[in-house]
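One structure is given below, encoded as structure tokens.
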Amino acid sequence: MMKQKYFFIGLALLALSACGAKAERNMNEYSEADSIAMARRDSLVVPIDTLPSYIDTYTKGDSALVVQILKEYVPQKKTLSHEQLILRVARHFLGVPYVAHTLDRNDEERLVINLHELDCTTYVETVTALVLCIEQGLTRFSDYVHTLEVIRYRGGKMSYTNRLHYFHWWLQDNEQKGLVREINEPDPPFTALQTLKINYMSLNAKAYDMLKDNPERVEEIKALEDKTNGTQVKYIPIGQLRSPLLRNIIHDGDIIAIVTNKRELDTTHLGFAVWHKDGLHLMNASSLRRNGNQVVEPSETFYDYMLSRASNIGIRVARIL
């Protein structure tokens, strides 16, 4: 408990110092922001090699794979670019089966570690946690577990209500922690605005095992949804996805989230940007039969994929720091 207390005190103090230094915008601003982000990421280091009591049962194969990847790439972090590292880690999971709802198999929230069954969100979280550990020089399974917890939950505090269920929540919270940064300029191609209206979970509580018999929890989720509603966010509309500007704006390894016009949702799918000769592609955990229901780096361009669903209206972009 004392370890966790000092961990979160450190995060809070760093957040306050960042907020209290709103100087004039200049060329040094981004380097200052990067320094703050690095300081925040330093707080991910767990000095004692322990696992939280609320971790779910995990396989020896998964824990061994985590350590294998960390030990393989920590020595290479100085020779690989940030973008190369993300793609190499992401490609470790090609062929892993797509399985939905792996975080929802328990009666109460547990910290789930599952690298052999992935959906689009757990795939992005898994790769992000591994990359952050590698770039911090961390090689223990416990380092990965604690980093994943920080990424997955609001304020890094594990509970069902704190799980970052919507992509906007995930992006906003991890940006505040200094772990990712939203890319939402220049204009063009970021020419569109989405006004958030996200009440899908509270309106469909019966579809969620941890909500359907828990009205108090539904109210907590609804309050968080309502607090978000009305927020406007910039995105790249589908008509801009063939713009030549994209190659300079979207980097290999950036997180792409597909903006939707479906009611009560902000996004419907996410994965990692990867540039091929023929354009932008999306490495992702795919539920599509034509992709084999697995993690894929498809031959289909991302633009062609976007055209396959009328509900796909554009993308938001985030970058691991």
Side-chain angles (χ1 to χ4, degrees), residues 65-66 69-70 72-73 76-77 80-100 102 114-135 144 147-148 151-152 164 167-168 170-171 174-175 179-184 189 235-236 238 241 246-260 266-288 291-306 308-309 312 314-321:
L65 179 59
V66 166
I69 292 172
L70 297 181
E72 178 179 351
Y73 286 107
Q76 300 181 47
K77 65 178 182 172
L80 293 174
S81 70
H82 183 60
E83 292 82 5
Q84 288 172 331
L85 176 61
I86 296 169
L87 292 187
R88 290 204 184 183
V89 173
R91 286 177 174 138
H92 264 274
F93 299 95
L94 293 176
V96 171
Y98 176 95
V99 181
T102 58
N114 186 341
L115 284 74
H116 60 277
E117 299 171 312
L118 298 168
D119 63 26
C120 66
T121 299
T122 57
Y123 175 50
V124 167
E125 288 182 335
T126 297
V127 173
T128 300
L130 287 167
V131 168
L132 290 173
C133 284
I134 291 164
E135 293 192 332
Y144 168 79
T147 302
L148 184 66
I151 290 169
R152 182 172 290 165
L164 300 165
F167 178 74
H168 180 74
W170 190 93
L171 176 54
N174 280 295
E175 191 167 37
L179 304 179
V180 301
R181 181 173 69 220
E182 181 166 16
I183 308 301
N184 55 15
Y235 69 94
I236 301 174
I238 194 168
L241 288 180
L246 259 61
R247 278 194 180 266
N248 293 323
I249 295 166
I250 298 177
H251 296 180
D252 280 336
D254 281 352
I255 298 166
I256 291 179
I258 297 177
V259 178
T260 185
D266 56 343
T267 62
T268 53
H269 193 53
L270 61 157
F272 292 101
V274 53
W275 286 99
H276 292 193
K277 289 182 179 179
D278 61 347
L280 183 63
H281 292 243
L282 186 72
M283 201 183 317
N284 69 103
S286 175
S287 63
L288 299 179
N291 288 332
N293 304 100
Q294 62 185 333
V295 177
V296 292
E297 184 174 343
S299 58
E300 176 185 42
T301 67
F302 181 57
Y303 180 75
D304 288 339
Y305 171 81
M306 289 288 287
S308 67
R309 283 181 168 80
N312 297 340
I315 62 170
R316 294 178 72 180
V317 182
R319 183 164 299 150
I320 302 170
L321 295 177

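Just so it is clear, the model here is predicted, and its values are computed rather than measured.
A side-chain contact (heavy atoms from CB on, under 4.5 Å) with V124 is found for exactly one of I320, D119, L270, namely L270.
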Candidate pair T268 and N312, rule side-chain contact (heavy atoms from CB on, under 4.5 Å), full reasoning = CA-CA 8 Å; T268 53; N312 297 340; 4.2 Å; yes
task = Dump the intermediate steps for side-chain contact (heavy atoms from CB on, under 4.5 Å) on L65 and F93, then the final yes or no.
result = CA-CA 11 Å; L65 179 59; F93 299 95; 4.1 Å; yes
ask   = Would N174 and L164 count as a side-chain contact (heavy atoms from CB on, under 4.5 Å) if you check the C-alpha gap in whole Å, the side-chain angles of each, and the deciding distance to 0.1 Å?
value = CA-CA 10 Å; N174 280 295; L164 300 165; 4.0 Å; yes
key: side-chain contact (heavy atoms from CB on, under 4.5 Å) between L288 and Y98, worked out   = CA-CA 9 Å; L288 299 179; Y98 176 95; over 6 Å; no
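Here the shortest heavy-atom pairing between I256 and L282 reads CB-CD1, 3.8 Å. Here the shortest heavy-atom pairing between Y235 and I315 reads CB-O, 3.1 Å. Between L80 and R88, the closest heavy-atom pair is CD2-CZ, 3.5 Å. Residues E72 and Q76 share a closest heavy-atom pair of O-NE2, 3.0 Å. Minimum heavy-atom separation, G314 to M306: O-CE, 3.5 Å. Between E135 and K77, the shortest heavy-atom distance links the atoms O-NZ, 3.8 Å.
Side chains of M283 and L94 form a contact here, defined as non-hydrogen atoms less than 4.5 Å apart. Looking at I151 and L179, their side chains come closer than 4.5 Å, going by heavy atoms from C-beta outward. For the pair H82/L321, no side-chain contact is recorded, criterion being any heavy-atom separation below 4.5 Å from C-beta on. Residues N284 and F302 form no side-chain contact, since every pair of their non-hydrogen atoms from C-beta on lies 4.5 Å or further apart.
Here F272 pairs with Y123 under the ring pair (Phe, Tyr, Trp, His ring centres under 6.0 Å) rule; sequence neighbours left out. With sequence neighbours left out, the ring pair (Phe, Tyr, Trp, His ring centres under 6.0 Å) criterion links H269 to no other residue.
Residue E125 holds its CD atom at 10.0 Å from SG of C120, rounded to the nearest 0.5 Å. In this structure, CD1 on I134 lies 7.5 Å from CD1 on I69, to the nearest 0.5 angstrom. Summarising the geometry, atom NE2 belonging to H92 is positioned 9.0 Å from atom CG belonging to L130; distances are rounded to the nearest 0.5 Å. To the nearest 0.5 Å, atoms CG (N291) and OH (Y305) are separated by 8.5 Å. D252 CG to Q84 CD: the interatomic distance, rounded to the nearest 0.5 Å, is 9.0 Å. Note that OG1 of T128 is 11.0 Å distant from CZ of R152, once rounded to the nearest 0.5 Å.
A donor-acceptor contact shorter than 3.5 Å is absent between the side chain of E297 and the backbone of R91. The backbone N or O of V274 lies less than 3.5 Å from no partner atom in the side chain of H281, so there is not a single donor-acceptor pair.
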